[in-house]
Amino acid sequence: MRHRLLVPLLFLLASCASPYATRQPPAPSPAPAPPAPAPSPTAPTPVTPPTTSGDMVFDAWASDFYPRAIKAGIRPEVLQREMAGLTPDPRVAALDSRQPEFSKPLSEYIKGVVTPTRDAIGGRKRVEVPQLDFIEVTYGVPREVLLGVWAMESGFGAIQGDFDVVRSMATLAAQGRRRGFAEGELIAALKIIQSGEATRAQLKGSWAGAMGQTQFIPSSFLAMAVDGDLDGKRDIWNSPADALASAANLLSKGGWRSGESWAREVAVPADFDWSLSEGPRLTPADWAAKGVVRADGLPFNAADQAAPAQLVAPTGANGPIFLLFPNHFAIRKYNNSVAYALAVGMLADRFSGMGPLVRPWPQETPLSLADRMTAQRALAALGYDAGGSDGLVGIKTRAALRQWQKARGLTADGYLSAAMVQRLTLEAQAPAPGPTPAPPPAAPEAATPPRPTAPGPQ
Ligand code: CA
């Protein structure tokens, strides 16, 4: 799996567009060599000189890392060659610690990635990659979904990232916040180089280690990349067929169900029980019994009728509402973000010639980190378990919000709008009900002050 869940969505675009190109050049990797036998367990551990980057934290980590890498099967000469002269990349460290003040609303994100330009390119690419017939038959994943992944990950191969993946992973590992992940990926990258499958110079990617046209981290490359153009090599950097077949393989292994949709837009009755949102996975017939029907009024296809689907309203009761089929969750094996999977699916629908959503995305007010943390603290103060106050509005926060909304007679869609933040804040600040003093009146929904807009693409 790709484990991009470790990379906040906000960094998604930045991670695809990284013009880093100035590291100290490592010794170039030699031409592919036949793999040497792994060191015998009885062989003495070679003494490896530590990296001397001049950065004490980095060098201390590198000295610690050497024996772990050798134990993991990296040959000492490969380790020494690839780590020699390595220095931490300050840009990677800065990107990893960046915490934007405002989160980008989902509707803005979708509008920014599902664009007419991409629609037009995807339409052309459907017929430009000759191996797509073979890939569809082999993996059972429609080409439009693969093109959606391709568009999202690298703009159809145009923006793959130019960070030296070995240096990026070493930087993250030394920094320590994500050491386990970064060391695992560093070892995977060294294994790729050691096997001769790709050179160090080829191992370029995003600052977070995602490589090639479909942005696989090194461990995903080792486990999931396949040869789509049947030339005997897995080249996700230069071969669209290899990249798309690798994405199809990942989705297939992630549970893709051939013939089923990824999601369908639905309409719900006015008295819909919103506690079912993000809840049970029911068949469309079970949903129909609760008044949920396709927004376009059409029937579900035969395959979808047998599939368990979860209802979500990502921008609240006033925005588009979806039944998410198992294929949505397969896309999230690629990148565990609802927004990402929605974007891939909506691009795929566009490439298939489907029209726009029946209900458009609403205008959303960006919430600051402080807003989100304040709302979480207010929920906790009012007796609802929001799962902490880290400012990340996850499933627990939304469930707590639904309970609070329901108890207050509000539409319990679990959507944290600016109005909800204000209302929660006022209620949490209000003195406990008692003879004195009288609680202030509830804030009107329309009293939301204007807020700064979100910065451009993160
Ligand atoms: Ca190939």
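Below, each value reflects all heavy atoms present in this structure, side chains not excepted, and no hydrogens, waters or symmetry copies. As the structure lists them, so they are numbered: ligands from 1, and atoms in each ligand from 1.
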### Message
Against Ile74, only a single residue in Glu82, Arg68, Gln194 fulfils side chain to side chain contact (heavy atoms under 4.5 Å, CB included); can you say which?
### Response
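The single option meeting the side chain to side chain contact (heavy atoms under 4.5 Å, CB included) with Ile74 is Gln194.
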
### Query
Is there a side chain to side chain donor-acceptor pair (under 3.5 Å) between Ser368 and Asp371 once you walk through the steps?
CA-CA 5 Å; Ser368 70; Asp371 285 336; 3.3 Å; yes

### Query
Going by chain and residue number, what protein N/O/S atoms come nearer than 3.0 Å to the Ca ion (ligand 1)?
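Asp227 OD1, Asp229 OD1, Asp231 OD1, Lys233 O, Asp242 OD1, Asp242 OD2, with waters left out.
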
### Message
List the residues meeting side chain to side chain contact (heavy atoms under 4.5 Å, CB included) with Glu128, not counting sequence neighbours, and say none if there are none.
### Response
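Counting only residues at least two positions away or on another chain, Glu128 forms a side chain to side chain contact (heavy atoms under 4.5 Å, CB included) with Arg124, Lys125.
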
### Query
Could Asp96 and Arg178 be called an ion pair, given the rule that one side-chain N must be under 4.0 Å from one carboxylate O?
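Looking at Arg178 together with Asp96, the answer is yes, because their closest N to O distance falls below 4.0 Å.
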
### Query
Are the aromatic rings of Trp207 and Phe163 close, with centres under 6.0 Å apart?
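Distance test on ring centres: not under 6.0 Å, no.
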
### Message
Does Ser219 form a side chain to side chain donor-acceptor pair (under 3.5 Å) with Glu185? I'd like the steps, not just the answer.
### Response
CA-CA 6 Å; Ser219 62; Glu185 295 308 318; 2.6 Å; yes

